[in-house]
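These numbers come from the heavy atoms of this one structure, side chains and all, not from hydrogens, waters or symmetry mates. These figures come from a predicted structure and were not determined experimentally.
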Amino acid sequence: MRIGECLRQEGIITEDDLQAALIEHKRTRERVGAVLIRMGLASERQIAKALASQLGFEYADLAERPPDSAAVVLIPREVALKRTCIAVALQKNALTVAMSDPLLFTLVQDLEFQTGYRIKQVVATRTEIIEAIQAWYPDKALTRVSVPPRGVREGSPRGDVPPPRTALTTFAGLPEEDVFEHDADAPAATAETAPIIEMVDLVIKSGLKSHASDIHIEPTEGDVIVRERLDGLLKEVMDLPKWVHDGLVARIKILGGMDIAEKRLPQDGRIRATTEEGQQVDLRVSTLRTIFGEKVVLRVLDHRKGVPPLEELGLSAASMEQIRHFLRHQHGMILVVGPTGSGKSTTLSSALASIRSERTNIITIEDPVEYQIPGVNQTQINAKINLTFASALRSILRQDPDIVLVGEIRDQETARIALQAAQTGHLVLSTLHTDDAPSCVTRLTDIGIEPYVTASALIGVIAQRLVRRLCMDCRRPYTPDAETLRALGVSEAEAATLTFYRADGCEKCNQTGYRGRVGIYEIMPVVDDLRRLIVQRGAEAQLREAALAAGMLSLGEDGLLKVKAGITTPQELLRVVTEVRATRSLCPECGTRVAPDFAACPSCGHRVGGGCPHCRRAIQPDWKFCPYCVRSTNAAANGRRSSRSMPSRRRAAELPAGKVAEFKKGS
C-alpha cells in the first residue's frame with residue numbers, strides 16, 4: 001500500500017488532499033511524503049509513522065527513547081550527519097540504526113561491513129535524528145583510536161579488553177579527513193587500526209603483489225592470521241587483532257555476493273579485483289566455520305599471466321614429443337592426473353593453446369575458468385542451476401566439437417559420457433585425481449568404467465607434480481650427505497661427477513632460495529601390451545611394469561634429472577616425491593630395463609643391483625663385508641677366489657639361471 005493511501009485510511013488526509021498531492025508530485029517529482037509536508041497536509045512525524053507501517057519497520061521516537069551512548073559512537077558524527085542516521089541500540093551482534101529513509105539499502109550494507117554488526121533498521125523523523133546527533137555525540141571531534149603493539153597489549157593488565165570499535169569506522173567514498181579531525185597529540189595510525197575497507201584491500205593487494213595462489217584468513221583464539229601460498233607453500237604475512245575478524249569477513253562477503261547473516265554454513269563467492277596496473281583479477285572466495293570463527297580462503301585466478309607455452313612447463317624433449325604425439329590424434333582421451341594444485345589445468349590449457357586453429361572447434365567445461373584462451377569456447381559449470389560437468393557435456397556434444405576439455409572427471413556419469421565421446425570421433429582432454437599414471441586405470445575401474453572401454457578410448461596419461469625452481473641468483477653448489485644420496489638412489493661415485501645446488505636466499509627470491517615452480521612428469525603412452533593388460537584387469541604393479549618397459553620415465557626419475565641439471569634441490573624433490581628411484585635401471589650388458597627387486601637381468605642374466613653378490617640381501621654401499629653371509633662384498637675378488645678354490649660343478653650352481661645352460665654347453 002502506498003504512503004498516501006496509508007494516510008488517507010488513517011484519516012490524516014482526505015481524498016482531495018491526496019489527489020492534490022499526487023498532482024504536485026507529478027509536477028515536481030518530489031516524494032509524496034515531502035509534498036504533503038510542504039503543503040502542510042501532514043506532519044513529519046505522521047509521514048514517518050506511515051512510512052514505517054508501509055515498509056514493515058518499527059517507528060522510533062527519539063525524544064521518548066534516547067539513543068544509547070555506547071551505540072552512538074559506532075558511527076562517526078560526520079557520516080551520521082551526511083547520511084541522516086544514528087545508532088540507537090546495540091544488542092549482541094545487532095546494531096539498531098534510526099534512518100529517515102529506510103530504503104537506502106547501500107547505507108545498510110556500508111554500515112554492516114564497516115561496523116561488523118548486523119544492522120536493524122528503524123524509522124525516525126529527519127528533524128529528530130539531527131537533534132539526536134547534536135545532543136548525543138561528544139563535543140570534541142572523534143579521533144582515531146590507537147591500538148598498542150601486540151607485545152604491549154598482551155603484557156598489560158587490560159590486554160584482554162578490545163579497543164573501541166571507532167577505530168574501524170571509516171566509510172567508503174569519504175576521505176579520512178572528512179571522518180576524523182586529526183589531533184596533533186593523537187598517535188599515528190597503524191596497520192591494526194586501519195579501516196576495514198583499507199584492511200581488506202591491503203590483504204588482497206599483498207597477495208596479488210607477491211603472486212600468491214591462495215590467501216588464507218584464519219581466526220585463532222587471540223588473533224587473526226593471514227597466510228599466503230607462495231610456490232606451493234604457505235607463509236604467514238600478517239597478524240591482526242581478533243576484533244577485526246567480523247568486519248573483515250563481512251566486507252569480503254559483501255564483495256563476493258554472499259549472505260553476511262549466514263555464519264554457520266560454508267559459502268562460495270567470487271570477487272573481481274583490480275591490480276595497481278589496472279588489470280582485472282578474479283578471486284574465488286570460500287568460507288568455513290571453525291571453532292574460533294569463519295575462515296576465509298581467496299583463490300587467486302590471475303588472468304595477467306596468460307597461458308604459458310608447453311615449452312615453459314619443464315617438459316624434456318622426449319616428453320614434449322610424446323605429448324605432441326598424443327595431441328595429433330583425431331579421437332580418444334588424454335588424461336592429466338595428480339593431486340590438487342599440481343598444475344593439471346595449466347598443462348591442459350597449454351595443450352589446447354598449442355593446437356587451436358581456425359579449422360577446429362574447441363569447447364571446454366571448467367570449474368572455474370582459470371585461463372581465458374582466445375579461439376576457444378569456454379563454459380563454467382554452475383551447480384545452482386544444475387549445470388554440471390555431465391549435463392554440460394551432453395549439450396556440448398551437440399555443438400559439433402572437434403576437441404572437448406572436461407575440467408575434471410568426478411563421477412561415473414561424467415566419465416562414461418567423456419569416454420563415449422572419445423570413442424565417437426572427439427579428442428577429449430580431462431583430469432583425474434590419482435597419484436601416478438598407471439593408477440588412473442584402476443581409478444576409472446573403481447568408478448564403474450568397464451576396462452575394455454578404458455583400453456579402447458585411452459591414448460595416454462600424464463602424471464605431474466610441481467617442484468620449486470631454484471633462484472639462479474643465489475643458488476650455491478654443495479655436496480649432499482650420504483642419507484640424501486641414498487634417498488635419491490645416487491651412488492657416491494656418481495655423485496662425485498655431479499654438481500648439486502642448495503637454496504641460499506636473496507632479496508630477489510624473498511629469502512626463500514626459490515623463484516617459481518617447474519613441473520616433473522610421468523608420461524604413459526597406452527601401447528598394445530598395456531591395452532591387453534587393462535582388458536585383462538591387470539594389477540597396478542603389472543601396468544606400471546608394462547609402462548616402464550614401453551619407455552615411461554617416472555616422476556622420481558624426471559625430478560632427479562632436474563636436480564642433476566641444477567633446476568631444483570634434492571630436498572625439494574624429496575619433499576614432493578617420496579620414492580625417487582621407484583623404478584628400474586638399465587642392464588649394463590644388454591640395455592634391458594630391470595625392476596628394482598631383480599638381482600639379475602631377465603634377458604642376459606647379468607647381475608645388477610646393489611645387493612650382496614652372494615646372498616643378494618640389501619647392503620650399504622660402504623660395507624666391505626656382508627653381515628648376513630660374512631663374505632666380501634667385492635664381487636670381483638670373490639669371483640677370482642671362488643674360481644680358484646671351487647670345483648666346476650659348484651661354480652655352475654653359483655651362476656644365474658640364465659647362464660647355466662650356456663655354461664654346461666661350454667663344459
Side-chain angles (χ1 to χ4, degrees), residues 68 70-76 79 85 87-97 105-121 142 144-147 150 153-154 159-172 179 189-204 206 215-227 237-269 271 283 285-298:
D68 183 356
V72 168
V73 295
L74 294 180
I75 301 176
V79 174
C85 64
V88 295
L90 178 62
Q91 294 178 342
K92 294 184 179 179
N93 293 327
L95 180 64
T96 303
V97 179
F105 297 112
T106 57
L107 173 60
V108 175
Q109 292 178 348
D110 286 344
L111 293 175
E112 283 180 335
F113 64 66
Q114 288 297 327
T115 64
Y117 291 106
R118 182 174 59 84
I119 300 301
K120 177 184 177 182
Q121 298 164 264
L142 296 175
R144 201 183 280 273
V145 178
S146 175
V147 181
R150 179 168 300 277
R153 188 167 70 250
E154 291 177 350
D160 57 337
V161 179
R165 287 201 174 235
T166 50
L168 297 178
T169 50
T170 297
F171 279 70
V179 179
T190 66
E192 291 184 339
T193 63
I196 290 296
I197 288 182
E198 296 176 5
M199 196 173 293
V200 172
D201 289 346
L202 178 64
V203 169
I204 294 176
S206 172
I215 304 170
H216 293 240
I217 302 173
E218 304 173 346
T220 65
E221 186 175 6
D223 50 14
V224 179
I225 303 299
V226 179
R227 298 195 291 171
V237 294
M238 296 183 191
D239 188 356
L240 305 175
K242 180 71 173 181
W243 53 271
V244 307
H245 174 259
D246 290 343
L248 280 174
V249 175
R251 169 65 174 167
I252 292 172
K253 284 184 176 180
I254 291 293
L255 294 175
M258 303 153 74
D259 184 2
I260 65 171
E262 179 56 69
K263 299 184 178 181
R264 299 169 298 174
L265 298 176
Q267 295 189 67
D268 295 312
I271 297 174
L283 304 171
V285 187
S286 174
T287 66
L288 179 67
R289 180 71 180 181
T290 69
I291 59 174
F292 298 120
E294 288 183 281
K295 176 184 176 181
V296 180
V297 176
L298 307 173

Using the test side chain to side chain contact (heavy atoms under 4.5 Å, CB included), find all partners of Ala89 that sit at least two apart in sequence or belong to another chain.
Thr96
At their closest point, which heavy atom of Leu240 faces which heavy atom of Asp223, and how far apart are they?
O-CB, 3.1 Å
Quick one: side chain to side chain donor-acceptor pair (under 3.5 Å) partners of Ser286, sequence neighbours excluded?
none
Is there side-chain contact between Val285 and Leu255, with heavy atoms separated by less than 4.5 Å?
no
Closest approach of Leu95 to Ala87 (non-hydrogen atoms, all atoms of both residues):
CD1-CB, 3.9 Å
Main-chain N/O of Glu294 paired to His245 side chain as donor or acceptor, under 3.5 Å:
yes
Looking at residues at least two apart in the chain, or sitting in another chain, which of them share a salt bridge (charged side-chain N to carboxylate O under 4.0 Å, His left out) with Arg118?
none
Residue set satisfying side chain to side chain contact (heavy atoms under 4.5 Å, CB included) with Gln267, at least two apart, ordered chain then number -> Lys253, Met258, Asp259, Glu262, Thr287
Quick check: does any side chain N or O of Lys242 sit under 3.5 Å from a backbone N or O of Thr220, one acting as donor and the other as acceptor?
yes
From Ile119 CD1 over to Ile75 CD1, what is the distance, rounded to the nearest 0.5 angstrom?
6.5 Å
Which atoms form the tightest heavy-atom contact between Ile260 and Ala250, and what is the distance?
CG2-O, 3.8 Å
Please report the closest heavy-atom contact between Pro241 and Val224, naming both atoms and the distance.
O-CG2, 3.8 Å
Does a side-chain heavy-atom distance below 4.5 Å link Leu74 with Leu90?
yes
So CD1 of Ile225 and NE2 of His216: to nearest 0.5 Å the spacing works out to 13.5 Å
Can you sort out the partners of Thr290 under side chain to side chain donor-acceptor pair (under 3.5 Å), two or more places apart, ordered by chain and number?
none
Could you walk me through whether Ile252 and Leu298 pass the side chain to side chain contact (heavy atoms under 4.5 Å, CB included) test, one step at a time?
CA-CA 10 Å; Ile252 292 172; Leu298 307 173; 4.2 Å; yes
Kindly indicate whether the side chain of Val296, heavy atoms from C-beta on, has any atom under 4.5 Å from the side chain of Leu248.
no
Lys263: partners by salt bridge (charged side-chain N to carboxylate O under 4.0 Å, His left out), with sequence neighbours left out
none
